[in-house]
Protein chains: 2
Amino acid sequence: MVTLEDVARHAGVSLATASRVLNGSTRQVGASLREKVEVAAAQLGYRTNVAAQTLARGASNVIGLVVHDLTDPYFAAIADGAMRVAERQGLMVMVGTTHRDPQREIAYVSTLNAQRVRAVLLAGSRLTDTQVTRRLREELDRYRETGGRVACVGQDMLGVDTVAPGNREGAAALARALAGLGHRGFAILAGPEGLITARDRVAGFTEELHRLGLPDPLVLHGSFDRDGGYGAATRVSGVTCVFAVNDVMAVGALAAFRDRGIRVPEDVSVAGFDDIFTLRDLVPALSTVRLPLADMGARALELALDAAEEARVEGVAGEVVLRASTRALG
Amino acid sequence: MVTLEDVARHAGVSLATASRVLNGSTRQVGASLREKVEVAAAQLGYRTNVAAQTLARGASNVIGLVVHDLTDPYFAAIADGAMRVAERQGLMVMVGTTHRDPQREIAYVSTLNAQRVRAVLLAGSRLTDTQVTRRLREELDRYRETGGRVACVGQDMLGVDTVAPGNREGAAALARALAGLGHRGFAILAGPEGLITARDRVAGFTEELHRLGLPDPLVLHGSFDRDGGYGAATRVSGVTCVFAVNDVMAVGALAAFRDRGIRVPEDVSVAGFDDIFTLRDLVPALSTVRLPLADMGARALELALDAAEEARVEGVAGEVVLRASTRALG
DNA sequence: CTGTTAGCGCGTTCAC
DNA sequence: GTGAACGCGCTAACAG
């Protein structure tokens, strides 16, 4: 293993000089020595030892990213956005996937703390479980006490910089749009009870129906994925419009209705939430609430990197997009 | 920042003892001292400094993963598989996305080398550009010379452990199946010319048509994504069956045909390749060649981690899956 | 079992 | 400009 010292010796200069030319020091080095060092480094095939550098500098060039599931396009999009800004800043990204296990989320924060990453990004809905939230906060606080920066894409419950999707407002806007189409009987494929993202979308939608003087929707719980949508849709009846709290669930619902011989949108309208890119060619095209996921991931990392005194919360508005999966009544 | 030394002093033991209880040493420590150390660590909020540990041990607990694009479900699936085995082994994963820029792939290998990661996983098709391949190999060799382990999901061109999807064979089997349905006039949405995965699929398909005595297919190039499939499908005519070299392109083709008023499968059959999970609810359901992507990612990491004398190449067979997007003729 | 000590590779004051 | 030397936090002999 070639070390800086090898390079220095080979170039006939001091360790310090070699360090200055090879790594981003502010100090200047004479052209001739600089040349020698570069040649020696190239010849020997020198590669900086980042661990040593991190130790000496007391700061790393890595950021941590914790998501639930990379194969869920929602998180893939957020991760992509975050990784683009990381790359632009010359930072590497360490990724942990929790597969929706909150214990694992906490464990990752701890591990990333040990790695002394520059910043940690938490993507994904918070849970109603206050125990879990408290323990996560403790872990985050401990990390932040020693200079760690944290940002979150999701609900503002951790006392850190947060990019908060407008779940309530978006769902409410969607309800309004759907009501505007003439629908009066709704079902909500509501996701799991403990997931705040799902809850907020349900609440925003339901409250808006109230406000419009429409009857309460049928609320059907299930998992937050395709199968959850499918299963819940199986139990739908007597409504003209179904709101799945995310697009992936809506896809499951579409499949369920197809299997049941129920046509969309002729027999029932279906809307989702998120506007997942990979699903844009679905037939019928899915009405949904668009969230700029990549931007949200990027923005969250920017917030984390740009240290501030107190936690900032940035809301992100969802935009209702009506497509072929919902139709006007009468 | 609390260090091991702080903990040791606080517990009234030596640095070595503290190290032994807090980090995974094989050495035993008496119960009473162990207890003291653990209490002290907890009280002080000690967190291992992984950089220091890595430096001292000369080995890190991180693996590197280089993919083209995380938002492409193909890579997301591979990454997910790899990350599951990483997690099982207690390793963290550093991810780099190249966005199909080969320079960036090389740069990431260099950076991961500097990080002294335990292993590097390269996922994604190789290119026909021999210059690029040579430079990548050089960079990999340099990494391997100092103990780095490398594995690749893709073509065996790097001289490293490789999980090689059976692109040719899979495409040939698909051609056979499609011919068995009675199709004789084919078009291939062939992807970019320089991408070997695409090339192999085209070649396997074409050669099998030859072997069956069927006419040459119409070969239409384009990008390897949804838009490439859409664009190429726009130029299709006079055939009964279209083979898109991956599922995402097939989705684009479906959209193009829809826009052109061409019905699938009534007017034209469409098949893809990969069997992307997120697309399984597409209508019409896509005929394709299934690749066990997550397993491939997992297997590649296993290969990399389990050091061997010489590079192993494991072929992975694709399985033809005929669904509703292709129909039998006459 | 437990403690002492010499590095691991590099950044960075300091003097020159 | 350049070099010498100390310290970053931890591991791993080695000695007891």
Side-chain angles (χ1 to χ4, degrees), chain A residues 1-38 40-41 44-62 111 113-118 143 146-148, chain B residues 1-38 40-41 44-62 111 113-118 143 146-148:
Chain A
M1 188 71 64
V2 183
T3 73
L4 232 205
E5 188 167 354
D6 298 331
V7 175
R9 196 179 315 123
H10 199 81
V13 302
S14 73
L15 219 191
T17 298
S19 170
R20 296 197 263 253
V21 351
L22 261 17
N23 305 49
S25 169
T26 53
R27 309 280 304 255
Q28 290 302 306
V29 173
S32 72
L33 287 193
R34 144 165 270 111
E35 166 86 13
K36 280 188 193 170
V37 172
E38 281 164 350
L44 269 41
Y46 171 72
R47 279 286 177 273
T48 302
N49 182 324
V50 176
Q53 207 168 252
T54 298
L55 183 56
R57 285 215 254 254
S60 84
N61 274 299
V62 178
T111 302
N113 187 351
Q115 299 278 354
R116 299 293 191 274
V117 296
R118 257 245 249 298
Y143 170 60
T146 53
Chain B
M1 188 71 65
V2 183
T3 72
L4 231 205
E5 190 169 351
D6 297 333
V7 175
R9 194 178 320 123
H10 200 81
V13 303
S14 73
L15 220 195
T17 298
S19 170
R20 295 197 264 254
V21 352
L22 261 16
N23 305 47
S25 168
T26 53
R27 310 280 303 260
Q28 291 302 305
V29 173
S32 73
L33 287 194
R34 141 165 273 111
E35 165 85 13
K36 278 189 194 169
V37 172
E38 280 164 351
L44 269 41
Y46 171 72
R47 278 288 177 271
T48 303
N49 183 325
V50 177
Q53 205 170 257
T54 298
L55 183 57
R57 286 216 254 250
S60 84
N61 275 301
V62 178
T111 302
N113 187 349
Q115 300 277 355
R116 299 293 189 274
V117 296
R118 259 248 248 299
Y143 169 59
T146 53

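All figures in this text were calculated on a predicted structure; none of them were measured in a lab. Reminder, nothing fancy here: chain letters follow the sequence lines and each chain counts from 1.
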_Atom-pair distance (CD on A:Gln53; P on C:dC10), nearest Å_ = 8 Å
_Interatomic distance where CG belongs to B:Leu22 and P belongs to D:dC10 [whole Å]_ = 9 Å
*Base, sugar-phosphate, or nothing for B:Gly30, non-hydrogen atoms under 4.0 angstrom?*
sugar-phosphate
_Measure CZ/A:Arg20 against P/C:dT12 and give the value in whole Å, please._
10 Å
*Decide yes or no for B:Leu22 and B:Thr48: does some side-chain heavy atom of the first lie under 4.5 Å from some side-chain heavy atom of the second?*
no
_Beyond-backbone contact of B:Leu55 with A:Asn49, side-chain heavy atoms, under 4.5 angstrom_ = yes
*From D:dT11, C:dC10, C:dG11, pick the nucleotide closest to the side chain of B:Ser19?*
D:dT11
*Of the nucleotides C:dG11, D:dG3, C:dT2, which one has an atom closest to the side chain of B:Thr17?*
C:dT2
*Rounded to whole angstrom units, what separation is found between the NZ atom of A:Lys36 and the P atom of D:dG1?*
17 Å
*Can you check the A:Leu15 CG to D:dG7 C1' distance for me, whole Å?*
14 Å
*Could you state the atom-to-atom distance from CZ of A:Arg57 to C1' of C:dT13 in whole Å?*
16 Å
_Most 5' of B:Ala56 and B:Gly12 on DNA chain C, judged by nearest nucleotide_ = B:Gly12
*Roughly, in whole Å, what's the span from CZ in B:Arg34 to P in C:dG3?*
14 Å
*Any side-chain heavy-atom pair from A:Val62 and A:Gln115 closer than 4.5 angstrom?*
no
*Counting side-chain heavy atoms from C-beta on, which of C:dT2, C:dG9, D:dC10 comes nearest to A:Leu55?*
C:dG9
*Once you round it to whole Å, what is the distance between C1' of C:dG7 and CG of A:Asn49?*
14 Å
_Distance below 4.0 Å between A:Asn23 side-chain N/O and C:dG11 OP1 or OP2_ = yes
*Below 4.5 Å, heavy atoms only, C-beta onward: do B:Arg116 and A:Arg47 meet side chain to side chain?*
yes
*Among D:dT2, C:dG9, D:dA13, the one nearest A:Thr3 by side-chain distance*: C:dG9
_Any donor-acceptor pair under 3.5 Å from A:Tyr46 side chain to A:Asp6 backbone_ = no
